2 protein chains.
Amino acid sequence: MTSARAEPPARRRLTARGALTRERIVRAAADLMHANGVAGTTMDQVIEASGTSKSQLYHYFDDKDALVTAVIKMQTARVMERQEPHLEQLSSLQGLRRWRDAVVSFVEERHGAHGCEIGSLASELADRSEPARILINATFRSWESYLAAGLRRMQDRGELDTEADVAELATGIMAAYQGGHLLSQAGRTAQPIALALDLAIRNVEALAPQRKSASGAAS
Amino acid sequence: MTSARAEPPARRRLTARGALTRERIVRAAADLMHANGVAGTTMDQVIEASGTSKSQLYHYFDDKDALVTAVIKMQTARVMERQEPHLEQLSSLQGLRRWRDAVVSFVEERHGAHGCEIGSLASELADRSEPARILINATFRSWESYLAAGLRRMQDRGELDTEADVAELATGIMAAYQGGHLLSQAGRTAQPIALALDLAIRNVEALAPQRKSASGAAS
DNA sequence: GATAATCTGGAATACTTAGTCTAGAGGACG
DNA sequence: CGTCCTCTAGACTAAGTATTCCAGATTATC
């Protein structure tokens, strides 16, 4: 137990200006890597796109791997920010369908181009960098847990069988999302992700308790 | 209409030996690119892994893009060969479950490592090379059509509602496969793809006609 | 078996790329 | 207001990387 510091390399103090520069670099890198892949993005491109210099880049990041780590974290934050408003208050089938619609619209806008920010990173990095894989997997799990929390609220409201395993359902929905996204990317159309999510949601519908809800609609 | 040849650059005659060398190159490239990505694979690595030389590589392929095209075609053939035996005779829910089991076992063996051969290529290339995207999309569609044909046989045998849209179901199952594969890759466990396929198959089960089948089993 | 093709060996080229290094500007904080 | 740390500039290095090229071995085909 000498002076051993665990994981974080204890980044030195950051000036306000420094934080801004760092942010600009990561943002540019994230965009480039999403469009051209990690291996397809060069440090020089990041420098140019961010309007910084070599020494700045290497001042804030030891090497490309460190930059990639920061990019993964930023993309995680981005995706979560985009998803949170929909998932945070998810508590009904209708809410689930609204989420589906938002996702499909998002994919439709770009004609499927550029897959899911996290999904692309996962595909490229999962087998080639263990630290990256761990970060990305954590993002998936946390994303799923948001979904699962919503499903649990649906159980509480009597819209979903309490026997259903919400974690497993969430994984299934997540898979439909990622797979649909990939097929939409290859086909340049939102149809696959729309179908995939519909299929997944139909599963949730099928797990609705026998209608004896508060609304009292007779069969 | 002079001498215009359409797509294929009219590859010159190939000797038996030449065909073999070419094959060796593509096989090595396919393996490397599956493991390290297209951008992460160098021509020199391909040369070394295939035991060939620079002039051989460039004798058979104009450039890296041409090699990548050949790799996509080989991976398509590989995946289809692996899937065909299961999908060709698919005509029942049980057959569908057997397919699922085979897929899950396959993923389990490698602990999720290395995603689907086609899925990885799709993620890396779909946005960066239009010819590649088209090839890959065609593979997905053809793969789905195998699945759809099996579902249609299930309809014929009365195991699936004839109203069900088999093409859409097939796309949904394919998305579950791809998304499940990706999540399994990130998590290094077959659980996600197992759950995703189970979810998709449960959907097919739910579309079974009201039991009035020939077997006449009472409830 | 001549001859023209395919096929192979490997050096050479032109360019990229990640990462280093020296020098100095700018701000924080006593 | 001086001193130290953060921050920036940009040339430089060393190692790759795709691709070309010339020369020669091998094989098809007449």
Side-chain angles (χ1 to χ4, degrees), chain A residues 8-33 35-72 124-125 128-129 131-132, chain B residues 8-33 35-72 124-125 128-129 131-132:
Chain A
R11 181 144 288 289
R12 307 202 277 270
R13 257 175 308 181
L14 260 198
T15 294
R17 178 170 58 132
L20 220 71
T21 303
R22 203 191 111 106
E23 167 102 357
R24 239 187 326 149
I25 292 172
V26 179
R27 193 184 307 281
D31 290 341
L32 283 167
M33 288 175 181
N36 308 323
V38 172
T41 299
T42 72
M43 299 301 253
D44 284 333
Q45 285 173 329
V46 173
I47 287 164
E48 168 148 10
S50 62
T52 54
S53 73
K54 198 138 266 198
S55 47
Q56 291 183 77
L57 211 179
Y58 281 96
H59 177 68
Y60 296 104
F61 305 96
D62 285 344
D63 50 25
K64 196 174 178 181
D65 276 351
L67 178 59
V68 169
T69 299
V71 164
I72 295 173
E124 183 169 3
L125 301 175
R128 329 222 221 282
S129 159
Chain B
R11 179 145 289 289
R12 306 204 278 270
R13 258 174 306 180
L14 262 199
T15 293
R17 176 169 63 132
L20 220 72
T21 304
R22 203 192 111 105
E23 166 104 357
R24 238 183 333 146
I25 292 172
V26 180
R27 192 185 307 281
D31 290 342
L32 283 167
M33 289 176 181
N36 308 323
V38 172
T41 299
T42 73
M43 298 301 253
D44 284 334
Q45 286 174 329
V46 173
I47 288 165
E48 168 148 12
S50 61
T52 54
S53 74
K54 203 137 266 202
S55 45
Q56 292 183 77
L57 211 181
Y58 280 95
H59 178 68
Y60 295 104
F61 304 97
D62 284 344
D63 51 26
K64 195 175 177 181
D65 276 352
L67 178 59
V68 169
T69 298
V71 165
I72 295 173
E124 183 170 4
L125 300 176
R128 325 218 225 285
S129 159

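If you're wondering where the values come from, they're calculated on a predicted model, not measured in any experiment. Numbers restart at 1 for each chain; the letters A, B, ... are given by sequence-line order, proteins then strands.
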*Kindly point out which of C/dA18, D/dT8, C/dT8 is positioned nearest to the side chain of A/Q56?*
D/dT8

*asked:* Counting only side-chain heavy atoms from C-beta out, which of C/dT17, C/dT8, D/dG10 sits nearest to A/T42?
replied: C/dT17

*In whole Å, what is the span from the CD atom of A/E48 to the C1' atom of C/dT16?*
14 Å

*Phosphate oxygens OP1/OP2 of D/dT8: is one of them under 4.0 Å from a side-chain N or O of A/Y60?*
yes

*In whole Å, what is the span from the CE atom of B/M43 to the C1' atom of C/dG10?*
16 Å

*So, is A/S53 near the phosphate of D/dA9, with a side-chain N or O under 4.0 Å from OP1 or OP2?*
yes

*Which residue lies more 5' along DNA chain D, comparing A/A19 with B/I47 via nearest heavy atoms*: A/A19

*How long is the span from the OH atom in A/Y58 to the CD atom in A/Q56, to the nearest 0.5 Å?*
13.5 Å

*asked:* Salt bridge check, A/R27 against A/E23: does any charged N sit closer than 4.0 Å to a carboxylate O?
replied: yes

*Can you tell me how far P of C/dT6 sits from CG of B/L57, to the nearest Å?*
18 Å

*Starting from C1' on C/dT17, measure out to CG on A/D63 and report it in whole angstrom.*
14 Å

*Can you check the B/R24 CZ to C/dC7 P distance for me, whole Å?*
13 Å

*Beyond-backbone contact of B/Y60 with B/V26, side-chain heavy atoms, under 4.5 angstrom*: no

*Atom pair distance, as rounded to whole Å: NZ in A/K64 and C1' in D/dG16*: 13 Å

*B/L57 and its side-chain contact (heavy atoms from CB on, under 4.5 Å) partner, picked from B/D44, B/I47, B/T21*: B/I47

_Side chain of A/T15 - closest among D/dT6, D/dT26, D/dT19_ = D/dT6

*asked:* On the nucleotide D/dC7, are OP1 or OP2 found under 4.0 Å from the side-chain N or O atoms that A/T21 carries?
replied: no

*Under 4.0 Å between a side-chain N/O of B/H59 and OP1 or OP2 of C/dC7, yes or no?*
yes

*To the nearest angstrom, how far is B/D62 atom CG from D/dT19 atom P?*
10 Å

*For B/L14 and C/dA5, give me the distance from atom CG to atom C1', rounded to whole Å.*
13 Å

*Taking only the side-chain heavy atoms of A/Y58 (C-beta and beyond), determine which of D/dT19, C/dT8, C/dA18 contains the nearest atom.*
C/dA18

*Atom CG of A/D62 and atom CG of A/L67: how far apart are they, to the nearest 0.5 Å?*
11.0 Å

*asked:* Taking atom types as they are modelled, would you say the side chain of A/K54 forms a donor-acceptor pair with the base of D/dT8 within the 3.5 Å cutoff?
replied: no

_Among C/dG27, D/dA18, C/dC21, which nucleotide has an atom closest to any side-chain atom of A/R17?_
C/dG27

